[in-house]
Amino acid sequence: MTKENKNRRISKGWQLTASITSIFIIIALGFTLIFAPAAIEKGTNQINAHPPYPISQEASRLHQQLTVADLHADSLLWNRDLSQQENYGHVDLPRLQQGNVAIQTFAVPTKSPRGQNYSRNESDAPDGITMLAMIQAWPPATCAFW
């Protein structure tokens, strides 16, 4: 075998390795874009199943007469159909209707520091919204990082 033939075989081997690696990266990226946002939302916005709370007839009648308002929901952060009821997430339309909610404010935070808590937040903490926006491929005009 000549040196030239040996080099061609090595070159073809590297080309095959590079092709397989590229395909793997594309598939991994595709799975990330499709499945990661829902997995993150399901992990961070869980609904704890429990039996219905006991509600008196008087309280139920009062609730039906009230104009119920929820002034904060981060549902627009997540790329999902809010017309479908889910067992995770802040709100969706079926649950709003079941709760007799007449007014809903959908908020979209621009920064959410990782490790956020009630007692103290670091101003230089990495931002959680930027990574979410990148994973969900938000349009560039909506993101500060573009």
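In this text the structure is predicted, and so the values were computed from the model without any measurement.
- Legend: residues meeting side-chain contact (heavy atoms from CB on, under 4.5 Å) with Ile20, ordered by chain and number and at least two apart, are Leu16.
- From Leu62, atom CG reaches atom CD1 of Ile55 across 11.5 Å, with rounding to the nearest 0.5 Å.
- To the nearest 0.5 Å, atom CD1 of residue Ile103 and atom OG1 of residue Thr105 are 8.0 Å apart.
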Run the numbers on Arg80 and Tyr88 for side chain to side chain contact (heavy atoms under 4.5 Å, CB included), then give the verdict. CA-CA 11 Å; Arg80 68 178 177 95; Tyr88 62 90; 3.9 Å; yes
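- Of the inter-residue distances, the one linking Arg95 atom CZ with Gln97 atom CD reads 12.0 Å to the nearest 0.5 angstrom.
- Ser19 meets the side-chain contact (heavy atoms from CB on, under 4.5 Å) test with no other residue; sequence neighbours excluded.
- Residues Leu71 and Gln104 are not in side-chain contact: their nearest non-hydrogen atoms beyond the backbone lie 4.5 Å or more apart.
- Here the closest non-hydrogen pair linking Asp92 and Leu82 is CB-O, 3.4 Å.
- Under the side chain to side chain donor-acceptor pair (under 3.5 Å) criterion, the residue pairs touching residues 55-72 are His72-Asp74, with sequence neighbours excluded.
- Distance NE2/His90 to CG/Leu76: 11.0 Å, rounded to 0.5 Å.
- Taking both residues in full, the closest heavy atoms of Ser83 and Leu93 are given as CA-CD1, 4.1 Å, listed atom of the first, atom of the second, then distance.
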